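Both ligands and their constituent atoms are indexed starting at 1 by order of listing. Along the sequence shown, residues are numbered consecutively beginning with 1. What you see is a predicted model, and the numbers here were worked out from it, not measured in a lab.
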Amino acid sequence: MIKAILFDLDGTLLDRETSLQQFITDQYERFTPALESIPQQDYISRFIELDSRGYVWKDKVYQSLLSEFSCKKLSWQDLLQDYETQFIYFCVPFPHLHTTLEILKSTGYLLGIITNGRETFQQRTIQGLKIERYFEVILISETEGVRKPEPEIFSRALQKLGVKAQESVFIGDHPTVDVLAAKNLGMKAIWKRDLNWPEPVEADAIIDDFSILPTIIQHLP
Ligand SMILES: [Mg+2]
């Protein structure tokens, strides 16, 4: 019987592509006098490329961006600080996230998040999504000193929740870092479909929308 449901954050709970697109468009507009040597569309598309789906931290992204466009009117630190403090206002959840978390919580499941990333930034993202109240545990790799796909971060979350691996399910968008890693530990795993990644054969189920999640969890093999 499933007792605990654990989620990845970026690309699973957070619609990161939409959030990032909205943030970077707004950032350009707010910094326009200093950035005017860069066409807006180039600024946006190059930022998104350099970000590499979140796998490159923004210190490097902004350094490359400003040097590629020979922009000297402001520093990468200014833009990085803006990203760190303003991204929270652009966090977009995937559809039906809140209603689904509400259902899962009131059904009695224990809920948790395991995310790779920086403590302050990931906490702000969770605040931006307004979902903190649903989760018993939130493990962020920077603070834990261990990151997915290492089994330690999953087993630590299970231990905190007091559940066995077989009593838990992990939901994530990454085929190996989320789905395969959770399966290797004996957890059930659901792939939140993301067409940028290949379909993981190990997944117990696949979802495109959160509204189906409570039913899927009840019928896991
Ligand atoms: Mg992810």
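- Aromatic ring centroids of Trp76 and Tyr83 lie 6.0 Å or more apart.
- Going from atom CG of Asn116 over to atom CZ of Arg147 covers 4.0 Å, rounded to the nearest 0.5 Å.
- Note on Phe121: it clusters hydrophobically with Ile131, by side-chain heavy-atom contacts below 4.5 Å among ILVMFWY residues.
- Here Lys192 does not pair with Asp208 in a salt bridge; the nearest charged N to carboxylate O distance is not below 4.0 Å.
- One of the N, O or S atoms belonging to Asp10 lies under 2.8 Å away from the Mg ion (ligand 1).
- For Asp8, the N, O or S atom with the smallest separation from the Mg ion (ligand 1) is OD2.
- Take the N/O/S atoms of Asp173: the one nearest the Mg ion (ligand 1) is OD1.
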